[in-house]
Novice: 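Before I ask anything, here is the structure I am working with.
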Amino acid sequence: MTHSQDKIYARPHSTIDKFKFDNNVAGVFDDMIRRSIPNYEQIIASIGDIAAQTVQKNTNVYDLGCSLGTATISMRRKISTDNVKIIAVDNSESMIKRCSEHISAYRSDIPVELVCADINNINIENASVVVLNFTLQFLEPAARKQLITKIYNGLVGGGVLILSEKLQFSNTKIQHLLDELHLDFKRANGYSELEISQKRSALEDVMRTETAESHISRLNECGFQQASIWFQCFNFASMVAIK
Ligand code: GEK
């Protein structure tokens with residue numbers, strides 16, 4: 001697989017269209033996500049570790065909004081439990097096509113079923129691990145509770161949901177500081193002010209973030225009695241919830 005550099009917003013655009021996970025984005029996604037999310041690689045590696053610790057035999061593992069399948073590949077590499085199947089879902093055809101090439105580049109006994117579908121419309125059944133790695137933030141806020149409830153109902157007892165999100169903070173000073181630290185991270189990775197501001201406009205109304213407290217309350221309301229942040233760097237966090 002080739003890893004092209006993300007230059008999507010490097011030149012001035014006369015109008016900024018809403019951000020879409022189309023073929024242009026899928027082609028540079030690996031570079032884009034690593035240069036945009038602090039500690040992305042570490043989160044991916046730890047998702048593999050959490051899955052290896054918590055997966056149960058004869059169950060399914062779901063990777064929802066799988067993009068190029070990086071979390072799927074990490075889990076597949078680390079899981080050694082019997083009779084586990086990974087179901088990786090994304091509604092972008094371009095992502096699923098590239099994901100399929102990416103996954104077939106690695107050998108493993110764990111089968112992966114790739115599904116091109118809206119995660120709001122799929123069934124989740126007999127799951128022991130479900131991953132939403134930076135995907136929930138792209139769903140309509142009104143649809144989020146229904147998805148988390150569906151995941152809770154589709155998990156077996158002791159099953160886990162791993163939920164990673166960009167966070168918002170209710171305190172404006174904290175929000176400003178963590179936002180600036182994130183922008184510095186992007187600048188240090190070679191993104192220009194133009195690229196940063198054009199991408200920000202494209203993501204407006206497409207990616208809607210919430211506070212950690214809102215996420216944890218929703219998880220609790222949907223039935224998860226145990227839910228906690230296991231990772232945070234600046235305004236990016238990952239949570240784990242146990243049924
Ligand atoms: C990773 N998890 O590398 N149904 C299915 N897929 C969706 C939906 C939906 N309703 N909405 C968005 N997506 C990955 C990274 S990226 C995060 C996830 C980011 C998909 C969308 O097509 C994209 O591939 C993914 O969710 C979000 O571990 O770009 O910041």
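Numbering starts at 1 and runs along the sequence shown. The structure presented is a predicted model; accordingly, all values stated were derived computationally and were not measured. Values below: every heavy atom of this structure, side chains too, minus hydrogens, waters and symmetry copies.
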Novice: Any heavy-atom pair between the side chains of F224 and L161 that's under 4.5 Å?
Specialist: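 The answer is yes, as the side chains (C-beta and beyond) meet within the 4.5 Å cut-off.
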Novice: Heavy atoms only: give me the nearest G157-Q56 pair and the separation to one decimal.
Specialist: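 Closest approach of G157 to Q56: O-NE2, 3.1 Å.
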Novice: Within a strict 4.5 Å, meaning less than it, do heavy atoms of the V89 and D63 side chains meet?
Specialist: no
Novice: Looking at F185 and R35, what are the two nearest heavy atoms and their distance?
Specialist: CE2-O, 3.5 Å
Novice: Given the rule in the salt bridge (Lys or Arg N to Asp or Glu O under 4.0 Å) test, do K78 and D49 qualify, once you have shown the distances and angles that lead to the verdict?
Specialist: CA-CA 7 Å; K78 289 182 177 162; D49 295 330; 3.1 Å; yes
Novice: List the residues meeting ring-ring contact (aromatic ring centres under 6.0 Å, His included) with Y62, not counting sequence neighbours, and say none if there are none.
Specialist: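 Not a single residue meets the ring-ring contact (aromatic ring centres under 6.0 Å, His included) criterion with Y62.
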Novice: How far does CD1 of I43 sit from OG1 of T70, to the nearest 0.5 angstrom?
Specialist: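 Here the interatomic distance stands at 12.0 Å.
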Novice: Counting C-beta onward and ignoring hydrogens, is there a side-chain heavy-atom pair between I151 and L64 closer than 4.5 Å?
Specialist: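 Yes; the side chains approach each other to less than 4.5 Å.
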Novice: Taking everything shown except Q226 itself, do over 12 heavy atoms lie less than 6.0 Å from its CD?
Specialist: yes
Novice: Before you tell me yes or no, could you show the steps for T59 and N126 under side-chain hydrogen bond (donor to acceptor under 3.5 Å, both in side chains), namely the whole-Å CA-CA distance, both residues' side-chain angles and the distance that decides it to 0.1 Å?
Specialist: CA-CA 5 Å; T59 64; N126 189 35; 5.7 Å; no
Novice: With a 3.5 Å cut-off and no angle check, do the side chains of N91 and D118 form a donor-acceptor pair?
Specialist: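 Note: N91 and D118 side chains miss the donor-acceptor criterion.
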Novice: Going by atom types alone, do D22 and S94 pair a side-chain donor with an acceptor below 3.5 Å?
Specialist: no
Novice: Which heavy atom of Q225 sits nearest a heavy atom of N220, and at what distance?
Specialist: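 What the structure gives for the nearest pair is O-ND2, 3.9 Å.
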Novice: For Y40, which residues count as a ring-ring contact (aromatic ring centres under 6.0 Å, His included) partner, sequence neighbours excluded?
Specialist: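 Partners of Y40 by the ring-ring contact (aromatic ring centres under 6.0 Å, His included) criterion come out as none, since no residue qualifies.
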Novice: State, to 0.1 Å, how close D90 and S67 come at their nearest heavy-atom pair, and which atoms those are.
Specialist: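 What the structure gives for the nearest pair is OD2-N, 2.9 Å.
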Novice: For E213, give me all partners under side chain to side chain contact (heavy atoms under 4.5 Å, CB included), at least two apart in sequence or on another chain.
Specialist: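 Partners of E213 by the side chain to side chain contact (heavy atoms under 4.5 Å, CB included) criterion, ordered by chain and then number, come out as T211.
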Novice: Which heavy atom of E125 sits nearest to which heavy atom of N60, and what is that distance?
Specialist: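 Where E125 meets N60 most closely, the heavy atoms are O-ND2, 3.0 Å.
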Novice: Less than 4.0 angstrom from a charged side-chain N to a carboxylate O is my criterion; do E101 and K97 meet it?
Specialist: yes
Novice: Is the number of heavy atoms from other residues, nucleotides or ligands under 6.0 Å of E41 CD greater than 12?
Specialist: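 Yes, because the 6.0 Å sphere around CD of E41 holds more than 12 heavy atoms from other groups.
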Novice: Should we count CZ of R187 as having more than 12 external heavy atoms under 6.0 Å?
Specialist: yes
Novice: In this structure, are over 12 heavy atoms from other groups packed under 6.0 Å from N171 atom CG?
Specialist: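 Result for CG/N171: enclosed.
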Novice: Evaluate side chain to side chain contact (heavy atoms under 4.5 Å, CB included) for I162 paired with L132, printing each intermediate quantity in order.
Specialist: CA-CA 6 Å; I162 301 165; L132 275 169; over 6 Å; no
Novice: Can you establish whether the number of heavy atoms outside Q146 located under 6.0 Å from its atom CD is more than 12?
Specialist: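 Incorrect, the count does not exceed 12.
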Novice: Would you say R77 and S108 make side-chain contact, with heavy atoms under 4.5 Å?
Specialist: no
Novice: From T135 OG1 over to M207 CE, what is the distance, rounded to the nearest 0.5 angstrom?
Specialist: 12.0 Å
Novice: Quick one: closest heavy-atom pair of I96 and L114, and the distance?
Specialist: O-CD1, 3.9 Å
Novice: With rounding to the nearest 0.5 Å, note down the distance linking CG in D31 to NZ in K7.
Specialist: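 Rounded to the nearest 0.5 Å, the CG-NZ separation comes out at 9.0 Å.
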Novice: Measuring only between side-chain heavy atoms, which start at C-beta, is R208 closer than 4.5 Å to R144?
Specialist: yes
Novice: Less than 3.5 Å apart, any donor N or O on the side chain of T209 or Q168 sitting next to an acceptor on the other?
Specialist: yes
Novice: Taking the side chain as C-beta and beyond, is there a heavy-atom pair between F234 and K166 under 4.5 Å?
Specialist: no
Novice: Any heavy-atom pair between the side chains of V131 and T72 that's under 4.5 Å?
Specialist: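 The answer is no, as the side chains (C-beta and beyond) never meet within the 4.5 Å cut-off.
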Novice: Taking the six-membered ring of F29 (Phe, Tyr or Trp), confirm whether the NZ or CZ of R98 is under 6.0 Å from its centre and within 45° of its axis.
Specialist: no
Novice: So do N39 and F231 actually touch side chain to side chain, heavy atoms under 4.5 Å?
Specialist: yes
